[in-house]
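Below is one structure, written out as structure tokens; comments come after it.
Keep in mind it's a predicted model, so treat the numbers as computed, not measured.
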Amino acid sequence: MYNSLDLDPVPSDPLRRITAFPRDLAYGIVEQLWPAEFLVSRTERTEEWHARGVDYWADQFTSRLKQKWGMSIPRSHLLRVYGFIEFVETKHEDDKQFEVYVPTPKAFQLLEQPRPSSVFISYRRSESSALALLIIARMKEIGLAPFLDMQDLEPGEEWHARLQQEIAARDYCLALISCDTLKSEYVRREIQWALNAEKTLIPVWHGGMDGDVAQDMQVQYPELAAFFAKQAIIVEPETPAGYESAIVQLLNRFGYTP
């Protein structure tokens, strides 16, 4: 089973965190990582979540879920308002007062929704760095998990093999293409790896890229013919409104309507 606790990022949008956290709670219960009851203690400004059960469950909850979420866990009253947890009782243990909660069926229904897609972003830094960073920020807001080598590769790492592995592990490959992008051998390799792995490839044209330029490129790089057959998202015109329109189209491809 897909392990959302390891792969899904914590959404930056507070509203999406209200959905993502109970999904993780339900996932851990189904996978028998922790029990179905949780103790919540609070101060005026903070809340502390604990798994109710034997030490093994408590350790799993602390090391996996709480390590991932840190201080980003939504407040319990919000989760109750949205119907994802239900109050059971108030308990006193070790001179502390706890409220006991259980996830509702609505929380478990979240597991039936498609998991956030994972995305590899192929780009040429000299051409598309600003667009790449804009896209990655917008994707993280909605809980998508993009890989961008500007941020994710460790110095000295065998980056060639790592990039190929990352493409193989992702659902989508997003290729940011301007007029000179494919002069980069590395970008052409990444696109070819994605084609060979039968990944869903989404071209994003920008920087003056149009159908005439694409036709010339296809003649120059015949090995990428399958890539040029993909429907592209076009940044047109090259204005803030044009970029916003293209990003909205992109997010729509993943089933999100900003």
Side-chain angles (χ1 to χ4, degrees), residues 7-13 16 116-197 199-211 213-214 217 221 224 226-228 230-258:
L7 297 183
D8 290 354
V10 175
S12 59
D13 183 349
R16 293 192 179 276
S117 301
S118 57
V119 184
F120 181 96
I121 300 179
S122 179
Y123 72 112
R124 190 178 185 187
R125 291 191 184 186
S126 61
E127 306 285 333
S128 307
S129 291
L131 177 57
L133 290 175
L134 177 60
I135 288 173
I136 201 171
R138 293 293 294 275
M139 284 186 167
K140 285 186 174 181
E141 287 178 0
I142 63 172
L144 292 176
F147 176 93
L148 186 69
D149 68 4
M150 179 186 294
Q151 298 177 336
D152 295 344
L153 282 180
E154 295 294 332
E157 187 173 0
E158 292 294 334
W159 62 268
H160 188 278
R162 168 76 185 279
L163 291 177
Q164 191 168 10
Q165 292 170 0
E166 287 293 340
I167 290 172
R170 304 282 162 164
D171 301 315
Y172 291 84
C173 180
L174 181 64
L176 310 185
I177 306 296
S178 69
C179 296
D180 292 327
T181 300
L182 293 183
K183 291 180 180 179
S184 167
E185 178 186 356
Y186 303 120
V187 173
R188 298 199 305 273
R189 284 185 185 180
E190 290 168 0
I191 292 173
Q192 191 64 63
W193 290 334
L195 288 171
N196 293 342
K199 300 299 176 179
T200 300
L201 261 164
I202 303 176
V204 177
W205 293 357
H206 73 104
M209 180 73 180
D210 58 21
V213 177
M217 286 183 177
Y221 308 110
L224 300 181
F227 171 69
F228 288 108
K230 307 289 183 182
Q231 181 180 359
I233 294 171
I234 304 175
V235 178
E236 187 181 16
E238 296 281 330
T239 64
Y243 279 95
E244 178 63 21
S245 175
I247 289 175
V248 169
Q249 292 179 56
L250 176 61
L251 297 182
N252 287 343
R253 292 274 188 101
F254 295 95
Y256 296 90
T257 303

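- Considering only heavy atoms from C-beta on, Val213 stays 4.5 Å or farther from Trp205 through its side chain.
- Distance check: Ser178 OG to Tyr123 OH gives 13.0 Å after rounding to the nearest 0.5 Å.
- Of the possible donor and acceptor atoms, one in the side chain of Thr239 sits under 3.5 Å from a partner among the backbone N and O of Gly242.
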- Step by step, would you call Phe147 with Ile167 a side chain to side chain contact (heavy atoms under 4.5 Å, CB included)? CA-CA 9 Å; Phe147 176 93; Ile167 290 172; over 6 Å; no
- Query: Could you walk me through whether Ile135 and Leu148 pass the side chain to side chain contact (heavy atoms under 4.5 Å, CB included) check?
  - Reply: CA-CA 10 Å; Ile135 288 173; Leu148 186 69; over 6 Å; no
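- The closest side-chain heavy-atom distance from Arg253 to Thr200 is not below 4.5 Å.
- At most 12 non-hydrogen atoms from other residues, nucleotides or ligands lie less than 6.0 angstrom from CD of Gln231.
- When side chains are defined from C-beta on, Val119 counts as touching Phe254, because their heavy atoms get closer than 4.5 Å.
- Of the inter-residue distances, the one linking Gln164 atom CD with Phe120 atom CZ reads 10.5 Å to the nearest 0.5 angstrom.
- A distance of 6.5 Å separates CD1 in Ile177 from OG in Ser122, rounded to the nearest 0.5 Å.
- The shortest side-chain heavy-atom distance between Leu176 and Thr181 does not fall under the 4.5 Å cut-off.
- At distances below 3.5 Å, at least one donor-acceptor pair connects side-chain atoms of Ser129 with backbone N or O atoms of Arg125.
- Closest non-hydrogen pair, Ala169 versus Ser118, comes out as O-OG, 3.9 Å.
- The pair Glu190-Lys199 does not meet the salt-bridge criterion, since no charged nitrogen lies less than 4.0 angstrom from a carboxylate oxygen.
- Within the 3.5 Å criterion, the main-chain N or O of Asp180 finds a donor-acceptor partner in the side chain of Arg124.
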- Item | Steps toward side chain to side chain contact (heavy atoms under 4.5 Å, CB included) verdict (Leu250, Leu174) | CA-CA 9 Å; Leu250 176 61; Leu174 181 64; 3.7 Å; yes
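- In terms of the salt bridge (charged side-chain N to carboxylate O under 4.0 Å, His left out) criterion, Asp210 has no residue partners (sequence neighbours excluded).
- Atom CZ of Arg138 sits about 7.0 Å away from atom CG of Leu134, to the nearest 0.5 Å.
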- Message: Between Tyr221 and Phe227, is the ring pair (Phe, Tyr, Trp, His ring centres under 6.0 Å) condition met? List the steps.
- Response: CA-CA 10 Å; Tyr221 308 110; Phe227 171 69; over 10 Å; no
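- Distance CH2/Trp193 to CG/Leu163: 6.0 Å, rounded to 0.5 Å.
- Interatomic distance, CD1 of Ile233 versus CD of Gln249, reported as 5.5 Å (0.5 Å rounding).
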- Let me see the working for His206 and Tyr243 under side chain to side chain contact (heavy atoms under 4.5 Å, CB included), right down to the final yes or no. CA-CA 9 Å; His206 73 104; Tyr243 279 95; 4.0 Å; yes
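- For the pair Leu224 and Gln192, the minimum side-chain heavy-atom distance is below 4.5 Å.
- Closest approach of Arg16 and Glu141 over heavy atoms only: CD-O, 3.4 Å.
- Closest approach of Arg170 and Pro146 over heavy atoms only: NH1-C, 4.1 Å.
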